[in-house]
Amino acid sequence: MAELTMSEALNLALREAMDGDDDIITLGEDVGVNGGVFRITDGLLDRFGDKRVLDTPVAETGIAGMAIGLAIYGLKPVCEIQFSGFSYMAFNQIEAHASRMRWRSRGRFHVPIVFRMPFGAGVHALEHHSESKETIYAHIPGLKMVIPSGPRNARALLISAIRDPDPVIFFEHKALYRAFREEVPDEEETLPLGESRTAREGTDLTIVAYGAMLHRALEAAEKLAKEDGAEAEVIDLISLSPLDDSRFTESVRRTGRMVVVHEAHRSFGPAAEIITRLMEKSFYYLEAPVERITGYDIQVPYFAREQDYLPSVERILDGCRRALNT
Amino acid sequence: MAELTMSEALNLALREAMDGDDDIITLGEDVGVNGGVFRITDGLLDRFGDKRVLDTPVAETGIAGMAIGLAIYGLKPVCEIQFSGFSYMAFNQIEAHASRMRWRSRGRFHVPIVFRMPFGAGVHALEHHSESKETIYAHIPGLKMVIPSGPRNARALLISAIRDPDPVIFFEHKALYRAFREEVPDEEETLPLGESRTAREGTDLTIVAYGAMLHRALEAAEKLAKEDGAEAEVIDLISLSPLDDSRFTESVRRTGRMVVVHEAHRSFGPAAEIITRLMEKSFYYLEAPVERITGYDIQVPYFAREQDYLPSVERILDGCRRALNT
Amino acid sequence: MPRVKIGLKYQLEYLSILDESGEADTSLDPDLSKEQLLKFHHAMLLSRRFDEYMLKLQRQGRIGTFAPVKGQEAAQIGAVANLEDDDWLVPAFRETAAAIWRGTPLSGMLLYNAGYNEGGRIPDEQNDLPIAIPVGSQIPHAVGIAYGCRYQDTDRVALTFFGDGATSEGPFHEALNLAMLFETPTIFVCQNNHWAISTPRDRQTRSETIAQKAIAYGMPGIQVDGNDVLAVYCAVREAVQRARDGDGPTLVECVTYRMEVHTTADDPTRYRDEEQVEQWAKRDPIERLQKYLKHKEMLTDEDIEKDEKEIEQTVKQAWQDTKEQIDALSDASVIFEYLYAGRPPYLEEQREGFVGGQDNG
Amino acid sequence: MPRVKIGLKYQLEYLSILDESGEADTSLDPDLSKEQLLKFHHAMLLSRRFDEYMLKLQRQGRIGTFAPVKGQEAAQIGAVANLEDDDWLVPAFRETAAAIWRGTPLSGMLLYNAGYNEGGRIPDEQNDLPIAIPVGSQIPHAVGIAYGCRYQDTDRVALTFFGDGATSEGPFHEALNLAMLFETPTIFVCQNNHWAISTPRDRQTRSETIAQKAIAYGMPGIQVDGNDVLAVYCAVREAVQRARDGDGPTLVECVTYRMEVHTTADDPTRYRDEEQVEQWAKRDPIERLQKYLKHKEMLTDEDIEKDEKEIEQTVKQAWQDTKEQIDALSDASVIFEYLYAGRPPYLEEQREGFVGGQDNG
Ligand SMILES: Cc1ncc(C[n+]2csc(CCOP(=O)(O)OP(=O)(O)O)c2C)c(N)n1
Ligand SMILES: Cc1ncc(C[n+]2csc(CCOP(=O)(O)OP(=O)(O)O)c2C)c(N)n1
Ligand SMILES: [Mg+2]
Ligand SMILES: [Mg+2]
């Protein structure tokens with residue numbers, strides 16, 4: 001057992017996966033000599049050589065398109081898109097080809113690619129470096145969309161994503177990279193994609209969150225317990241697609257109340273889908289309107305005010321209280 | 001008053017707008033000599049010359065980026081993206097620049113661009129020619145997203161969109177281009193963006209739809225009236241962004257039941273936002289779970305089976321009956 | 001060296017072997033075997049007739065929109081004739097002749113054009129990608145595939161087709177640059193057919209040739225007479241050889257002409273002069289090859305007639321097969337297949353709802 | 001004409017006027033006025049010192065990440081010095097020197113780098129676009145703007161800056177092609193500073209020069225010594241003249257060097273040799289200009305010292321101003337501004353919730 005940060009855990013996952021499988025190739029801007037701008041690919045070039053760790057030019061469409069070719073050929077590319085805000089440069093490749101190759105070829109080809117992308121606000125970064133537009137990817141059939149919440153599950157999920165036979169959009173929250181350490185087992189660990197987890201048990205209210213906001217949700221839950229004596233169950237979604245709607249549905253059947261938290265924009269954001277699934281599956285169990293505590297429908301402000309954009313623990317707590325008191 | 005098809009009405013709108021304002025420039029693939037692959041720009045080149053009607057190379061990023069430059073300079077470009085399925089080639093320009101230029105420059109610049117795009121299934125087209133991914137655009141702050149449902153409102157909305165000081169994604173449903181004729185007044189008509197309309201009045205149930213699905217919703221409403229004696233109110237959303245949530249909310253306060261219809265994919269699609277807004281604003285008025293009748297979470301099948309993908313009148317009717325009978 | 005000329009590494013060339021009357025430049029004639037040449041001829045003729053047949057079917061409403069290949073047979077056959085079976089082909093959407101050469105069943109293409117996803121399946125063992133519709137978007141795939149070929153120490157190559165219009169798209173640019181950087185064994189074959197729907201070649205780009213775009217990447221480029229199957233064959237042969245030898249990619253521009261509508265949804269009378277089409281008809285690649293073959297006494301009018309008859313049968317049979325395949329197709333619930341390796345729960349619910357005739361939330 | 005060489009229209013050239021010791025090639029020296037040359041010098045020096053000051057502020061945690069300009073002052077000043085006030089400038093994200101020349105207040109740049117959106121506002125009447133971060137994405141804007149200039153029959157031009165890395169991106173390609181097709185008065189200035197974060201120039205593209213990429217569009221291109229402000233000035237002057245005369249766009253490659261970190265989040269010791277940096281230090285654009293000016297007896301060490309002092313004051317004052325501006329900034333609810341011309345109801349609800357300290361649905 002080692003105590004790792006999420007960035008170390010992701011690095012470990014890549015190393016482990018690549019150690020065990022020569023078909024895995026890592027490519028992207030600055031992933032080789034520089035080890036990635038967040039050092040997630042640190043040491044891979046030395047270990048695996050420049051045939052397996054490709055420093056590419058600044059060309060997201062080319063990177064994604066080349067990765068699709070690699071995958072069709074039979075390899076397993078892991079692309080780093082330097083920031084999710086630049087993935088739109090490659091959006092056509094992802095929408096038109098990665099998501100459809102299995103389908104278009106009726107199973108003749110499939111594209112086991114992982115598109116790794118740092119996302120999210122809170123690290124004092126520049127414009128386009130703080131986006132949370134996971135909705136866009138979650139909406140596209142044929143893609144999977146995974147968001148780990150800490151070192152241990154990040155490592156397990158990345159290995160699973162690399163082995164998954166389908167394209168996975170893998171969002172890594174920048175604010176979590178070095179936020180805390182967690183025990184990560186020495187032996188390999190995987191986690192199924194498409195399954196959420198219960199991060200905290202509770203009986204009075206269900207909070208659904210993921211990524212960095214999970215930790216604010218947990219903090220709010222602790223405060224709620226201390227200050228209001230109410231126990232919130234906190235669900236960590238992990239996968240937005242496939243969306244595991246069974247766990248939160250089951251939870252709300254017990255608690256009757258739900259708060260959904262994310263830093264993506266509010267309108268047409270993930271919370272809407274989660275709330276709708278709940279309504280479809282557990283309408284009559286709901287005792288109060290669901291609250292959504294989200295990023296606003298504005299661009300993420302530059303860093304002096306990025307916290308004003310993000311759901312704060314206070315906002316989450318207020319949402320919980322409204323849900324509890326109606 | 002002339003009886004026009006929607007394609008004729010859109011052509012009229014472009015002509016009228018360009019007649020009155022030299023700053024309006026139309027650009028896109030095949031929009032000049034060929035008059036557009038759907039003939040929406042027919043005759044514009046002859047009338048306005050090749051300085052105002054630009055046949056571009058096949059380069060969506062370039063088209064969108066050039067349009068942004070034109071708009072910053074002070075002109076009012078109307079871009080045709082040949083099919084919405086190819087707009088992803090320009091997605092970075094739209095997300096990173098069109099939607100943000102006012103914001104990034106603190107109002108110094110703004111970009112009054114209309115991105116016209118045919119979308120939707122039902123005309124026996126090829127792959128990528130039948131998409132309905134309006135969610136993606138509706139989710140992005142700084143964009144407006146408009147979808148007309150017939151000749152008369154298409155003409156009025158296009159003129160409003162062109163005059164709007166902000167970027168508007170204007171989705172034109174291919175199956176409506178020549179589906180029917182409607183009286184279009186001789187004098188200019190505009191419609192405010194961000195306002196929905198009531199397409200049919202009713203008291204028992206509210207159906208929310210837009211684009212081509214509006215007409216299926218209306219058909220279902222007629223059947224429902226005839227076969228079940230229930231009167232559905234049908235709301236035509238028109239704008240997805242800004243989303244007018246007041247009209248359908250008000251309607252459901254009267255009817256207590258809602259069915260949302262769209263051909264976009266189901267998960268993380270527009271219905272989720274509509275349902276969530278309703279829940280946030282009228283939770284206690286809801287007498288039954290809201291039904292969503294949508295395209296499935298699959299790629300639109302090739303044309304022999306595209307109708308299997310689309311919400312049929314039957315599916316809508318079933319949804320209405322479920323909403324009424326629970 | 002204050003103001004000096006910069007010498008460029010690669011010199012562009014133009015290659016043509018067969019002239020319009022079918023006369024070959026003897027110094028360049030690759031002297032292919034009769035068998036090989038007749039195979040070219042048969043494939044080009046079959047492709048032409050199949051194309052014409054599909055156009056008829058489309059006009060009768062039996063199949064949907066498609067992009068006719070007429071006029072571009074030499075550019076396609078001359079190119080893919082250089083590939084081994086397990087080399088890779090990455091087409092755009094107008095490569096009917098190439099697909100025929102590679103072994104794609106005609107009935108599969110018809111099924112595709114009749115609107116059934118099943119038609120998109122490429123036979124196992126045939127290393128061809130399905131049709132790619134977003135212009136230029138397939139080009140980077142040929143870089144990744146070719147990289148894979150080298151990575152696994154094979155001498156396989158990847159050849160990709162695209163049009164003059166596609167060269168204006170970003171993915172073309174990014175792909176060629178990547179291919180040079182990683183020295184992938186990719187052959188980029190541009191079929192410059194002078195049109196991108198209604199946009200003529202000289203409104204697509206101001207470069208005098210498409211071939212010279214290779215210079216932007218330090219890549220060798222060559223322009224060939226694309227209606228001359230021998231010239232295309234020889235130019236692509238060089239490019240394939242270079243790729244197999246580990247010397248990286250090449251851009252080959254085939255100058256040809258789209259003799260038909262862009263697709264069956266298009267009306268070229270709106271934007272192009274019939275005269276230009278007539279001029280190009282004189283350079284027809286099939287006629288030219290026939291003249292050459294007759295001159296070489298490898299082909300007679302009787303041979304052609306025989307071939308034509310056989311082809312007529314093949315094509316009709318293909319449509320028969322397709323109709324039977326359509327009749328035998330299982331129910332429409334196949335639309336829920338091939339999204340993922342497995343079907344996630346929400347999708348299974350949707351499928352069940354579809355099968356059961358009711359929407360599942 | 002079976003196998004023939006294709007002649008290319010444009011001959012590429014390399015231009016250099018000042019050598020590394022500050023000696024000018026007299027046949028090429030543009031003989032600028034003393035006033036003009038001292039203005040260059042002042043702007044370059046101010047830019048250098050401002051950059052260094054910002055680096056200090058960043059290291060002290062007072063401002064956030066930014067991209068230092070050190071080493072590229074000649075490439076920027078030499079280029080923008082050709083613009084009239086109402087010409088347009090379309091920068092990327094490293095154009096501090098150009099912004100200074102154009103009149104952007106230092107305090108605005110500091111405010112931006114301190115994380116306040118207010119810093120992004122360009123003064124009215126200054127036709128500069130805000131910083132564009134997605135690499136290469138700003139290039140097409142300079143085509144549209146330049147089109148507008150011609151459309152309204154002005155002789156204004158648009159000049160855009162981008163890096164060597166940006167030339168690998170699709171938007172670069174699409175923009176240059178469009179500019180040639182519509183003959184827009186656009187000047188494309190590539191600052192080839194040899195690095196794109198950790199990727200060296202020769203791993204960015206295999207073309208021997210960036211300038212030759214112009215050939216792909218039939219566009220004139222030229223490579224210049226980007227640390228030679230006179231060479232940059234002259235090359236861009238030609239390009240601007242061509243643009244004003246209605247003769248379309250030009251690609252100018254300025255060969256220069258990024259002397260600092262990529263951004264303050266970057267650690268170049270991981271990927272580059274200090275030796276290379278030292279080599280380039282000998283070609284420093286400011287020193288070179290100073291030698292030239294001294295040689296011409298237009299500048300003395302005392303003049304420089306005086307200028308340095310003045311600059312020190314200017315820079316410190318700018319930071320004072322910025323701090324005051326920050327203190328005077330209104331509450332954070334400004335984050336709800338400038339999304340649209342008006343504020344739609346749902347957004348107003350969100351703003352009200354924010355101001356009132358509670359979430360509004
Ligand atoms: C990205 C994209 N934009 C637009 C279209 C519509 N479209 C289909 S073919 C075509 C022209 C392509 O021209 P070219 O590359 O020369 O190929 P050709 O049709 O001549 O074979 C266009 C614009 C498309 N399919 N994809
Ligand atoms: C589309 C996009 N991809 C990646 C990045 C991250 N990034 C910022 S600068 C840079 C390198 C740019 O190199 P170059 O164009 O040479 O400009 P320079 O930094 O040398 O000024 C990269 C990859 C980005 N900003 N935008
Ligand atoms: Mg073409
Ligand atoms: Mg650089």
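Given the structure is predicted, the values throughout are model-derived calculations rather than measurements. Naming convention: chains lettered A, B, ... in sequence-line order (proteins, then strands); numbering from 1 in each chain.
- In terms of heavy-atom proximity, C:F182 sits nearest to A:D55 at CZ-O, 3.5 Å.
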Would A:E60 and C:E174 satisfy side-chain contact (heavy atoms from CB on, under 4.5 Å), going step by step from the backbone distance to the final call? CA-CA 8 Å; A:E60 287 77 11; C:E174 299 190 19; 5.5 Å; no
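- Looking only at side-chain heavy atoms (C-beta outward), A:S105 and C:I122 stay at 4.5 Å or farther from each other.
- With a 6.0 Å cutoff to the six-membered ring centre and a 45° limit on the axis angle, C:R156 does not count as a cation-pi contact of A:Y73.
- Neither the backbone nor the side chain of C:T160 has a heavy atom closer than 4.5 Å to any heavy atom of chain A.
- Between chain C and the options A:T61, A:L27, A:D245, heavy-atom pairs under 4.5 Å are most frequent for A:T61.
- C:N117 contributes no side-chain N or O that, together with a main-chain N or O of A:R106, makes up a donor-acceptor pair within less than 3.5 Å.
- At a 4.5 Å heavy-atom cutoff, A:A67 makes no contact with chain C through either its backbone or its side chain.
- Of the atoms belonging to C:N127, heavy atoms from both backbone and side chain fall under 4.5 Å from chain A.
- Taking a 6.0 Å sphere around CZ of A:F283, one finds it holds more than 12 heavy atoms contributed by other residues, nucleotides or ligands.
- Two residues are said to be in side-chain contact when any heavy atoms from C-beta on lie closer than 4.5 Å; A:D23 and C:Q152 meet this criterion.
- For a residue to count as touching a neighbouring chain, one of its non-hydrogen atoms must lie under 4.5 Å from one of that chain's; by this rule C:E169 does not touch chain A.
- Heavy atoms of C:V90 lying under 4.5 Å from chain A are absent altogether.
- In terms of heavy atoms, A:D166 sits closest to C:A341 at OD2-N, 2.7 Å.
- Among the candidates A:M101, A:H110, A:R52, A:R100, the residue making the largest number of heavy-atom pairs closer than 4.5 Å to chain C is A:R52.
- Judged purely by distance below 3.5 Å, without hydrogens or angles, the side chains of C:H141 and A:Q93 pair a donor atom with an acceptor atom.
- Scanning all heavy atoms of the two residues, the minimum distance from C:P123 to A:R108 falls at O-NH1, 2.7 Å.
- Minimum interatomic distance between C:L339 and A:P141 (heavy atoms only, all atoms of both residues): CD1-CB, 3.8 Å.
- Using a 4.5 Å cut-off between heavy atoms, C:A175 does not touch chain A at all.
- Across C:P345, C:P130, C:G119, the residue that shares the most heavy-atom pairs under 4.5 angstrom with chain A is C:P130.
- More than 12 heavy atoms of other shown residues, nucleotides or ligands fall within 6.0 angstrom of atom CG in C:D327.
- Interface remark: of the candidates A:G69, A:P77, A:G194, A:G69 forms the most heavy-atom pairs closer than 4.5 Å to chain C.
- Annotation: maximal heavy-atom pairing with chain C below 4.5 Å, among A:G74, A:A90, A:A59, A:P165, occurs at A:A59.
- In this structure, chain C has heavy atoms under 4.5 Å from both the backbone and the side chain of A:D22.
- Only the side chain of A:S241 comes within contact range of chain C, with heavy atoms under 4.5 Å apart.
- Closest approach of C:Y346 to A:L243, counting heavy atoms only: CE2-N, 4.3 Å.
- Contact of C:I131 with chain A is made through the backbone alone, with heavy-atom distances under 4.5 Å.
- In this structure a side-chain-to-backbone donor-acceptor pair under 3.5 Å is present from C:Y340 to A:L143.
- Among the candidates A:R104, A:M279, A:R102, A:K144, the residue making the largest number of heavy-atom pairs closer than 4.5 Å to chain C is A:R102.
- By number of non-hydrogen pairs under 4.5 angstrom with chain A, the leading residue of C:Y112, C:W88, C:Y147 is C:Y147.
- Only the side chain of C:P134 comes within contact range of chain A, with at least one heavy atom under 4.5 Å from a heavy atom of that chain.
- When all heavy atoms of C:S137 and A:H97 are compared, the pair lying nearest together is OG-NE2, 2.7 Å.
- When heavy atoms are compared at a cutoff of 4.5 Å, A:L75 approaches chain C solely by way of its side chain, counted from C-beta outward.
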